[in-house]
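Whatever order the structure lists them in is the order used to number ligands and atoms, beginning at 1.
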Amino acid sequence: MIETVVAPKQGALTVAQLDPLIDIESEINKLRREKNAVILAHYYQAPEIQDIADFVGDSLDLSRKAAETDADMIAFCGVKFMAEGAKILSPQKTVVLPDMDAGCSLEDSCPPDEFRKFREAHPDHISLTYINCSAEVKALSDIIVTSSNAEHIVRQIPADKKILFAPDRHLGAFLAKKTGRDMVLWQGSCIVHEQFNERELVKLIVRNPDAKVVAHPECPDSVLRHAHHVGSTKSLLDFVTSDANTKFIVATEQQIFHQMQKARPDAVLLATPGADGSCSCANCPFMAKNSLEKLYLAMLNEAPRIEMPEDLRLKALKPLQRMLEMSPPAQPRRNAA
Ligand code: 13P
Ligand code: SF4
């Protein structure tokens, strides 16, 4: 594996050394001005990080923002593959990530050497790869997709072309079902969405017959089949924002409740339970590694910082650019009805 994260220098200030009385928000704002930085955050970040960000979005909209920003620094509050994507698309910028261990189970499930063998075993297949993967796996792929553009992109692949899909088997199965295309699937999954349990979900639906279910396509089919709406984080947020219903069961990471509740203060939001009936499984441990303190230090220390060999970046850029070219036009967030 090629290491793409540069750690802070020896002696750089750490969280443990921070003055506990520091006004962290105003220090971040100061650095944002001084370093001409833009703060990008995913919907799965803690509410206080979402609130200080210049832009909060799903993987596709965050990639677009990273590609078009004129800031000198991108402080990416998400996980490593997202920050890598920003660096691939905006190589001149300094891209920092609050915690260098903010990884992803989907990325972990797909080591580049194994993925190379997978491709070699299917030489006549085009490879569509979910953005939740390493830069090295991107570099071995034909087209990158996210949960918001995947179906649109699959429908542009000629009918006689065979498709490999990696690394999320649930998103792949969902796409195969929706488009009727046969796909060879890599067997990876998201540890958050994988834990949602059909039996417990059905119990919750029975207790709340007036609720609509919204689900991310990283969920297993046994959960998706109960959903009124399936889509990316932004798409789920748009649905909850504009649908007339006032109760929703949400099958995705729970930090998205922050934006949903802001958009629909009148709505009741229920978390989808895991197998033991609890809902604490809906938190991504990787996304949760970031904090305001770590964001401040990353901006101050300019590390953890994404760096990668230029030949790797150029190889990974190609399928990412194809993704942007084949995506539907960007849509602003929907307003409440
Ligand atoms: P989207 O925000 O693109 O739907 O992705 C969800 C996710 O799991 C990111 O890690
Ligand atoms: Fe990866 Fe799942 Fe966490 Fe998203 S929620 S970063 S897919 S582990």
For ligand 1, is [X] a contact, meaning one of its heavy atoms is under 4.0 Å away?
X: Lys234; result: no
X: Ser147; result: yes
X: Tyr43; result: no
X: Glu253; result: no

Which pairs pass side chain to side chain donor-acceptor pair (under 3.5 Å) with one or both residues in residues 87-101, sequence neighbours excluded? Asp99-Lys294
Protein heavy-atom partner closest to [atom] - residue, atom, separation in Å:
atom: atom 6 (C) of ligand 1; result: His216 NE2, 3.4 Å
atom: atom 10 (O) of ligand 1; result: Asn132 ND2, 3.4 Å
atom: atom 8 (O) of ligand 1; result: Glu218 OE2, 3.0 Å
atom: atom 9 (C) of ligand 1; result: Met82 CE, 3.6 Å

Closer than 2.8 Å to atom 1 (Fe) of ligand 2, which protein N, O or S atoms? Cys104 SG
Qualifying residue for salt bridge (charged side-chain N to carboxylate O under 4.0 Å, His left out) with Asp142, from Arg322, Lys315, Lys161, Arg119: Arg119
For ligand 1, find out whether one of its N or O atoms is nearer than 3.5 Å to an N or O atom of [X].
X: Ser59; answer: yes
X: Thr146; answer: no
X: Ser232; answer: no

Between the side chains of Glu194 and His170, is a donor N or O closer than 3.5 angstrom to an acceptor N or O? yes
For the residue pair Thr129 / Ser141, report whether a side-chain donor-acceptor contact shorter than 3.5 Å exists. yes
Quick check on contacts: which atoms of ligand 2 are under 4.0 angstrom from a heavy atom of Glu218? 2 (Fe), 7 (S)
Under a 4.0 angstrom heavy-atom cut-off, which atoms of ligand 2 come close to Tyr44? 5 (S)
Applying side-chain contact (heavy atoms from CB on, under 4.5 Å), run through Leu324 and Leu89 and close with a yes or a no. CA-CA 11 Å; Leu324 293 175; Leu89 290 163; 3.9 Å; yes
Kindly say whether Ala330 contributes a backbone atom to a donor-acceptor pair with the side chain of Asp61 at under 3.5 angstrom? no
Flag, side chain of Arg116 to backbone of Leu140, donor-acceptor distance under 3.5 Å: no
Which of the ligand 1 atoms, numbered from 1, are nearer than 4.0 Å to a heavy atom of His42: 1 (P), 2 (O), 5 (O), 6 (C), 9 (C)
One finds that the ligand 1 atoms under 4.0 Å from a non-hydrogen atom of Asp58 are 1 (P), 2 (O), 3 (O)
With a cut-off of 3.5 Å and sequence neighbours excluded, list every side-chain donor-acceptor pair involving residues 20-29.
from: Asp23; atom 1: OD1; to: Glu25; atom 2: N; distance (Å): 3.4
from: Asp23; atom 1: OD1; to: Ser26; atom 2: N; distance (Å): 3.3
from: Asp23; atom 1: OD2; to: Ser26; atom 2: OG; distance (Å): 3.1
from: Ser26; atom 1: OG; to: Asp23; atom 2: O; distance (Å): 3.1
from: Asn29; atom 1: OD1; to: Arg32; atom 2: NH2; distance (Å): 2.5
from: Asn29; atom 1: ND2; to: Glu25; atom 2: O; distance (Å): 3.3

Let's go through His122 and Lys162 carefully: what are the C-alpha distance in whole Å and the side-chain angles of both, what is the deciding distance for side-chain contact (heavy atoms from CB on, under 4.5 Å) to 0.1 Å, and is it a yes or a no? CA-CA 9 Å; His122 303 88; Lys162 295 186 208 158; over 6 Å; no
Once you round to the nearest 0.5 Å, how far does CZ of Arg313 lie from CD1 of Ile306? 13.5 Å
Straight-line distance of Tyr296 OH to Leu13 CG, nearest 0.5 Å: 6.5 Å
Contact list for residues 6-46, test ring pair (Phe, Tyr, Trp, His ring centres under 6.0 Å), sequence neighbours left out: His42-Tyr44
Look at the aromatic rings of His193 and His216 and report parallel, tilted or perpendicular, splitting at 30° and 60°. tilted
